[in-house]
Structure formats: structure tokens, C-alpha cells
2 protein chains.
Amino acid sequence: MTAKRILIVALKHFSAKGYDGTSLAEIAGDVGIKKPSIYAHYKSKHDLFLAVVEEVAEDYRNYRQQVLLDTKTMNFEQRLYCIFESMIIYFLQDRSKMAFWVRVWMFPPVELRDTILMPWKNLNTVFVSIIENIFQEGIAKGEVRDGNARDMANTYLCLLDGIITRVILTDDDHYINMLPQVWQCFWAGAKA
Amino acid sequence: MTAKRILIVALKHFSAKGYDGTSLAEIAGDVGIKKPSIYAHYKSKHDLFLAVVEEVAEDYRNYRQQVLLDTKTMNFEQRLYCIFESMIIYFLQDRSKMAFWVRVWMFPPVELRDTILMPWKNLNTVFVSIIENIFQEGIAKGEVRDGNARDMANTYLCLLDGIITRVILTDDDHYINMLPQVWQCFWAGAKA
DNA sequence: GTCTATAACAAGATAGAC
DNA sequence: GTCTATCTTGTTATAGAC
């Protein structure tokens, strides 16, 4: 199906050069068709971009849900680390997808900002709550030190974002290799 | 000086809409001049953009150096937290500058990628080393738990990046308010 | 230094043949 | 569904008057 091929190529271009930096002619050329043919599948550039966003968001939702399900029986540290690692691996396995993802959420095209950001904020709020609950259970069972579960969840997610941020800026596997050490620092703390 | 006014307005537009999403006509209009007048001060759009990058980088370099100097006499936790907080405050005090900064380093315009990223990588490497040294001293003096100083420095910087990332996505002061709690989580660890 | 006018071009989008 | 041809608009950039 041509529509799908356009979608895949569009993702690659949008992730590398952004919405404004990508032309439909480039996408068409890469697909092997001419520019006007795109309009047989998507009614505008906006429309194509939103389709890519939806595709990527759907994929992410499914993956995240699966990870949360697969780790359900683990103990707290194991589960938190496994979720942590899985999210990094998800983004690393397809750097185009990762770059697109981060670029869209941080710097969406102005005209589409509200359309795009609304569902994401919800997606994020849900995730904070889930992680918070895991910390809460950990505290209740004595596997996590006493403290505010929401603060811990936010720290956890900031650390996750930070690693993803730095992974985007490097081409090597430096940050995936030091994941266990970073986790160890978070888990054990810095205090003597 | 008109050149300076153009620079300030350009920063605002580039940070909100990116390089490709900003036209010289918009900038000129906001400054109160016509589009061709910009060429009396900057020889191209590239040139103007690079001037903004240099301005922002210079400001950041100076600020960071000052912070490192001002905190030199503090004890380790105090100093690490103070640097941490200062960097967040720096970006919060001017959200335009923060957004521009992050956007440029994460998603520079493709044609300027190499020009822009080379000096930044160096800027970052230096910072990692400085933070690593502080952790190293902390370990030596027993104020920081025994461990790898470089890993701690990387964790520290990932957390910093993560907070900045999340601050960009929210309009309120949520993340600056919970800074002490996030720091507490990092410093004390999550382990029971 | 700033302006008007304009060149030169690339972009998104549409019409209509096949 | 894909093409060629075309429209319209917006872009960077320059020429030359004031």
C-alpha cells in the first residue's frame, strides 16, 4: 500500500528535518512517485503529518502498555528498572522514531500545537500516576525508602527524559551501556 | 543599535517556531523595519541565526563560569545542589532563551548542524569533567558515597536535562517548585 | 540605513488527461 | 492512482533611489 510507504518515508524526513524543513517533493521522490500523487492518499501536508503522529503515538501506547503488563509480577526495584530500560530500548531500536517523537512533543509545528499536545499531556499524566503507584506500593512494602511517591516518580521520569535527550545527541551506544550505572546512582542515592 | 534589536527579536521567533518556521519578514515587522533592511546588518538568514547562536552560547558560558566560581567555597552537597538549581533558574528566567537553546542543540537546522554542534560538544565535555571532579572530591572527603564519579556526574546531568525538558513542556512553575524534592530523591536515593 | 521594486525560486495545492 | 501542467503564495535575496 502506497499510503503506508508514504507514511514511513515521511516519518524519516520529518524526524530528521522537522515539519517546516521537509517538503512533499522530497518525500514523494524518496517513495518513487511525484508530489501530486501524495494528495491521492493525504489531503494536505498537515494531514500527512498528523497521520505520522498518530501512527507513532499508537505504537508507543501499545509498547508501553505491554511493558507495564510484562513487568507486573516483578518486585519493585526490578520492575522500575525494567520499565526504565525498556523505554530507552524502545527509542534506541528506531532512532528515527525517537527523534520524531521528541521533536514533536517539544517543538510541534505551531499551527498544530494544540491538536498534538492535548492527547500527549494526557498520555504523560497517566504514566506519572502509574509510576507513582509503583513507588507507593514499594514504600508500603518497605522496598523503597519512606518519602513522597509522586516526587520519586517525577525524579524517575526526569531521569528517563534526560537520558533520551542525551541519546539523541550522540551517535554511539554510550548511554545505553551506562544505563545500569545511572540506575544504580538513582536507586542508591549519592549521600554517603 | 538596530543590529542588536534584530538579534533579540530573532531569538524570540527562532525559539518559538524554529529556523525554517521563521521568516525574515516577521522579524523585520516586529523590529519595526522592512525585510530588506535586515541585510544592512546581517548578510543572510544563516548569518543572523549563527549570530543568535553565538550570543546565546556566550551568555551561557559566562553564566556557567560565574556559577562555578561563586560556589567554589561551598561544601559538596551544597555546591552540587546550587549548581543544579542555578542552571534551572538560568533557563527559567528567560523561557525564549531556554527554548532556543534546547531546540538548537537537539534539532539544529540541517545545513548548520556541524557548525553549531562542534563547539557545543566541547562545552558539554568540559561540564561533565567539572561535575565529575566535584563528585570525586566528595567521595575522597567522605561526603559522597563510594562509587564511580563519572557515572554520578552523568546521572546528575541527565536529571538536569530531564527537568529542563519537562519545564519546556509546561507553562507553570511546577518543576521549579519541586526542585528540592527531586534533588532529595537523587541525593538520598530510592533504596530503603 | 531604510525604503520600494523586483528578481528568482521553492512551496503547497488543484485541474484534468490517462 | 499517477502523471504533467499550472496556480498561488511566500520565501530569500538583490538593485538602486533617497
Side-chain angles (χ1 to χ4, degrees), chain A residues 1-56 96 99-100 103-104 107-116, chain B residues 1-56 100 103-104 107-116:
Chain A
M1 193 144 173
T2 314
K4 183 77 181 179
R5 272 167 56 224
I6 295 171
L7 213 67
I8 292 165
V9 172
L11 167 63
K12 207 180 67 189
H13 283 263
F14 285 140
S15 81
K17 292 166 296 184
Y19 181 79
D20 294 307
T22 301
S23 76
L24 294 176
E26 290 177 287
I27 295 172
D30 231 28
V31 172
I33 56 177
K34 300 291 177 186
K35 183 173 61 171
S37 303
I38 291 178
Y39 289 87
H41 306 276
Y42 302 94
K43 74 175 202 293
S44 67
K45 192 185 181 184
H46 275 185
D47 197 47
L48 171 57
F49 188 78
L50 289 174
V52 177
V53 169
E54 195 32 60
E55 165 92 357
V56 169
S96 257
F100 180 82
R103 200 198 269 264
V104 166
F107 308 107
V110 260
E111 325 91 87
L112 302 173
R113 206 187 128 91
D114 293 340
T115 315
I116 290 173
Chain B
M1 194 146 176
T2 314
K4 183 77 181 178
R5 272 166 57 224
I6 294 172
L7 212 67
I8 292 165
V9 172
L11 166 64
K12 207 181 68 190
H13 283 263
F14 285 141
S15 81
K17 294 166 295 185
Y19 181 78
D20 294 307
T22 301
S23 75
L24 293 176
E26 292 176 288
I27 295 172
D30 231 28
V31 172
I33 56 176
K34 300 291 176 185
K35 186 173 58 173
S37 304
I38 291 179
Y39 288 87
H41 306 276
Y42 301 94
K43 74 174 202 292
S44 69
K45 191 184 179 183
H46 274 185
D47 197 50
L48 171 58
F49 188 79
L50 289 175
V52 177
V53 170
E54 196 30 61
E55 163 92 358
V56 169
F100 180 83
R103 197 198 272 264
V104 166
F107 308 108
V110 260
E111 325 91 86
L112 302 174
R113 206 188 128 93
D114 293 338
T115 316
I116 290 173

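Sequence lines set the chain letters: A, B, ... in the order given, protein chains first and strands last, and positions in each chain run from 1.
A:S15 and A:S96 make their closest contact through CB-O, 3.2 Å (heavy atoms, listed as atom of the first residue, atom of the second, distance). What you find for B:A51 and B:L7 is that their closest heavy atoms are CB-CD1, 3.7 Å. Closest heavy-atom contact between A:L48 and A:I27: CD2-CD1, 4.1 Å.
Computed from coordinates, the B:I27 CD1 to D:dG10 C1' distance equals 15 Å when rounded to whole Å. The separation between B:K45 atom NZ and D:dT14 atom C1' is 17 Å, rounded to whole Å.
Residues B:V53 and B:T115 fail the side-chain proximity criterion, which asks for heavy atoms closer than 4.5 Å.
Shown here are the salt bridge (charged side-chain N to carboxylate O under 4.0 Å, His left out) partners of A:E111, two or more places apart in sequence or in another chain: there are none. Residues passing the ring-ring contact (aromatic ring centres under 6.0 Å, His included) test with B:F14 are B:Y19, B:F49, sequence neighbours excluded. By the side chain to side chain donor-acceptor pair (under 3.5 Å) test, A:K4 pairs with A:E55, sequence neighbours left out. In this structure A:K17 satisfies the side-chain contact (heavy atoms from CB on, under 4.5 Å) test together with A:H13, A:T22, A:E26, B:V110, sequence neighbours excluded.
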Practice task
Evaluate the side-chain contact (heavy atoms from CB on, under 4.5 Å) criterion for residues A:V52 and A:I8: first the C-alpha distance (whole Å), next the side-chain angles of each, then the deciding distance (0.1 Å), finally the verdict.
Solution key: CA-CA 8 Å; A:V52 177; A:I8 292 165; over 6 Å; no
Problem - Check against side-chain contact (heavy atoms from CB on, under 4.5 Å), A:I116 and A:L50 - result: CA-CA 8 Å; A:I116 290 173; A:L50 289 174; 3.9 Å; yes
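A heavy atom lying under 4.0 Å from DNA chain C marks the following residues of residues 14-25 of chain A, by number: A:T22, A:S23, A:L24. Contact check of residues 29-36 of chain A against DNA chain C (heavy atom, cut-off under 4.0 Å) returns A:K35, A:P36. For DNA chain D, no neighbouring residue in residues 3-10 of chain A is found when judged by any heavy atom under 4.0 Å.
For DNA chain C, the contact window with chain A, defined by any atom under 4.0 Å from a protein heavy atom, covers C:dA11 to C:dT14 in 5' to 3' order.
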Atom pairs and distances, donor-acceptor, side-chain atoms in residues 33-42 of chain A, under 3.5 Å, two or more places apart:
from: A:S37; atom 1: OG; to: A:K34; atom 2: O; distance (Å): 3.4
from: A:Y42; atom 1: OH; to: A:A3; atom 2: O; distance (Å): 2.8

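Mapping B:M1 and A:Y39 onto DNA chain C via the closest heavy atom, the residue that lands nearer the 5' end is B:M1.
Within the structure, the salt bridge (charged side-chain N to carboxylate O under 4.0 Å, His left out) test picks out the following pairs touching residues 5-16 of chain A (sequence neighbours left out): A:K12-A:D30.
Using modelled atom types, no side-chain atom of B:R103 and backbone atom of A:R103 make a donor-acceptor pair closer than 3.5 Å.
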